[in-house]
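Have a look at the structure below, then the notes.
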Amino acid sequence: MLDPKLIRNELDAVAKKLARRNFQLDVETLEKLENQRKALQVKTQELQNERNSRSKAIGQAKAKGEDIQPLLDEVTQLGESLKQSETELNQLHTELEAILLGLPNILDDEVPDGLDEDSNVEISRWGEPPEFDFEVKDHVDLGAPNDWLDFEAASKITGSRFVVMRDAMAKLHRALIQFMLDVHTNEHGYTEVYVPFMVNSDSLLGTGQLPKFEEDLFKIDSEHGYYLIPTAEVPVTNLARNEILSAKQVPAKFVCHTPCFRSEAGSYGKDTRGLIRQHQFEKVELVQMVRAEDSADAHEALTQHAETILQKLELPYRKVILCAGDTGFSSTKTYDLEVWLPGQGKYREISSCSNFQDFQARRMKARWRNPDTGKPELLHTINGSGLAVGRTLVAIIENYQQADGSPPLCSFPA
RNA sequence: GGAGAGAUGGCCGAGAGGCUGAAGGCGCUCCCCUGCUAAGGGAGUAUGGGGUUUAUAGCUCCAUCGAGGGUUCGAAUCCCUCUCUCUCCGCCA
């Protein structure tokens with residue numbers, strides 16, 4: 001959520017910045033509602049003030065044994081107009097809140113212009129795509145022998161966009177998770193957490209998946225109305241929801257392995273083959289909660305931590321900065337790490353590292369207490385995949401494939 | 001699944017329609033005293049929002065005692081719904 005004060009005081013500037021995302025802010029409506037809110041809130045609070053002081057007077061008169069009936073008669077009108085005023089104010093607040101929750105974050109100035117991924121800008125490359133002197137296979141073909149990767153079984157059990165892994169493939173998959181967790185906890189100073197894989201709607205509101213992107217989520221059809229998590233970002237970041245962290249708890253750095261569940265609504269026909277786009281996949285997620293002044297550096301560092309995994313696995317990748325149109329709703333600035341996939345002959349996203357600044361923190365009231373002022377301040381949140389495990393698996397078996405068509409399942413140093 | 005008990009500030013814990021944003025204690029901060037330490041004395045110590053202000057400070061108002069409704073001139077306190085926690089029984093990994 002954007003700072004309501006910023007919206008009040010610099011509405012046109014905000015509108016101009018949001019326009020970079022191709023988002024059209026309804027300045028007129030917002031201005032009108034805001035003016036109404038202000039007038040109504042002042043009026044309501046005046047009425048509340050009057051009610052409070054009169055009620056107090058009644059209490060004091062009663063305590064002295066005086067006749068309170070005349071005082072009671074005076075306030076009969078008050079209740080009605082106060083109630084009406086409060087109801088109207090509540091409606092206005094709800095309306096304004098709905099608009100505010102639907103506004104995307106303001107982009108960092110460094111984010112390049114552009115409508116879609118074609119305008120993303122490459123920042124760096126690491127490693128060289130391998131040369132093969134035989135015909136390259138993709139991971140689906142490489143995983144077919146011994147039913148290592150069995151998409152048919154999964155579609156029988158559940159449906160499309162699921163997989164069954166067997167034997168060495170399942171082990172390699174598990175080993176990758178372990179490897180990533182170990183690197184981030186041992187070398188990068190993250191604390192491992194284990195969290196629920198289902199969350200309530202407040203949590204999704206906090207990180208920004210709700211209210212706008214409900215169709216991307218799996219909702220559990222039960223009395224609780226829980227959702228399956230689309231990323232560990234949701235439960236982990238929400239650890240700080242409605243909290244005021246002490247100065248020594250900041251920066252908070254968490255690494256968390258979870259399955260992720262995405263409906264992939266709207267991506268029909270996209271990446272239908274293989275592991276690239278599944279309804280269920282494993283991810284090791286990095287989350288940091290830091291002081292405002294530290295978030296830019298922390299974002300760079302976190303991205304580096306994700307890159308370390310690719311480098312240790314010796315997988316060629318490139319780093320891009322997402323353009324305005326491709327940057328996610330809650331993010332001010334996002335780096336994508338794209339790994340080379342020989343099966344596709346191109347770089348594909350394997351990690352997305354974003355700085356949300358105070359956007360999520362404001363939604364979820366995640367704060368820390370600054371000892372210099374003694375006052376709570378909003379945290380800045382940063383997260384990124386470190387890495388998407390399924391896609392890492394794809395990258396390994398494709399980049400390290402052998403001439404005889406076998407994946408390198410025996411050579412991984414797990 | 002059945003039966004009970006509970007939810008109050010950083011923590012413990014009073015409060016049972018009015019003078020309670022909330023006693024008391026602990027903790028924490030600052031000051032005083034004591035040559036260190038221990039002990040003692042004093043003051044302060046929730047969060048969010050509005051108005052005023054160029055903005056801060058300040059001043060002032062409003063809201064918040066698990067959440068949401070209701071009763072009342074007035075609700076932490078009474079009523080309803082929900083959530084969560086704990087205890088016992090059953091079941092289960």
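This is a predicted model, so every value here is computed, not measured.
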Please name the residue in the list A/Glu349, A/Lys283, A/Met180 that meets the side-chain contact (heavy atoms from CB on, under 4.5 Å) test with A/Ser385. A/Lys283
B/rG1 pairs with, by Watson-Crick or G-U criteria that keep both distances under 3.5 Å: B/rC89
Just checking A/Lys38: base, sugar-phosphate only, or nothing, at a heavy-atom cut-off of under 4.0 Å? sugar-phosphate
Taking a pair to mean Watson-Crick or G-U wobble geometry with both distances below 3.5 Å, B/rG58 pairs with B/rU52
Roughly how many Å is it from CG in A/Asn52 to C1' in B/rC73, rounded to a whole number? 11 Å
Report all side-chain donor-acceptor pairs from residues 240-251 of chain A shorter than 3.5 Å, counting only partners two or more places apart or in another chain.
{"from": "A/Arg241", "atom 1": "NE", "to": "A/Asn238", "atom 2": "OD1", "distance (Å)": "2.7"}
{"from": "A/Arg241", "atom 1": "NH2", "to": "A/Ser203", "atom 2": "OG", "distance (Å)": "2.8"}
{"from": "A/Ser246", "atom 1": "OG", "to": "A/Gln249", "atom 2": "OE1", "distance (Å)": "3.2"}
{"from": "A/Gln249", "atom 1": "OE1", "to": "A/Ser246", "atom 2": "N", "distance (Å)": "2.8"}

Measure NZ/A/Lys375 against P/B/rG48 and give the value in whole Å, please. 8 Å
Among B/rU71, B/rA46, B/rG50, the one nearest any side-chain atom of A/Lys83 is B/rU71
Length of the CD-C1' vector between A/Glu86 and B/rG70, whole Å: 13 Å
Just checking A/Gln48: base, sugar-phosphate only, or nothing, at a heavy-atom cut-off of under 4.0 Å? sugar-phosphate
Under 4.0 Å between any heavy atoms, over every strand shown, what does A/Arg362 touch: base, sugar-phosphate, or nothing? Just pick one. nothing
Once you apply the 3.5 Å cut-off to both distances, tell me the Watson-Crick or G-U wobble partner of B/rA16, or none. none
Hey, does the side chain of A/Arg8 come within less than 4.0 Å of B/rG50's phosphate (OP1/OP2), counting only N and O? yes
Nearest of B/rU47, B/rG51, B/rC73 to any side-chain atom of A/Arg37? B/rG51
Watson-Crick or G-U counterpart of B/rU29, or none if no pair lies under 3.5 Å: B/rA43
To the nearest Å, how far apart are A/Leu89 CG and B/rG50 C1'? 10 Å
Using Watson-Crick or G-U wobble geometry with both distances under 3.5 Å, which nucleotide pairs with B/rA7? B/rU83
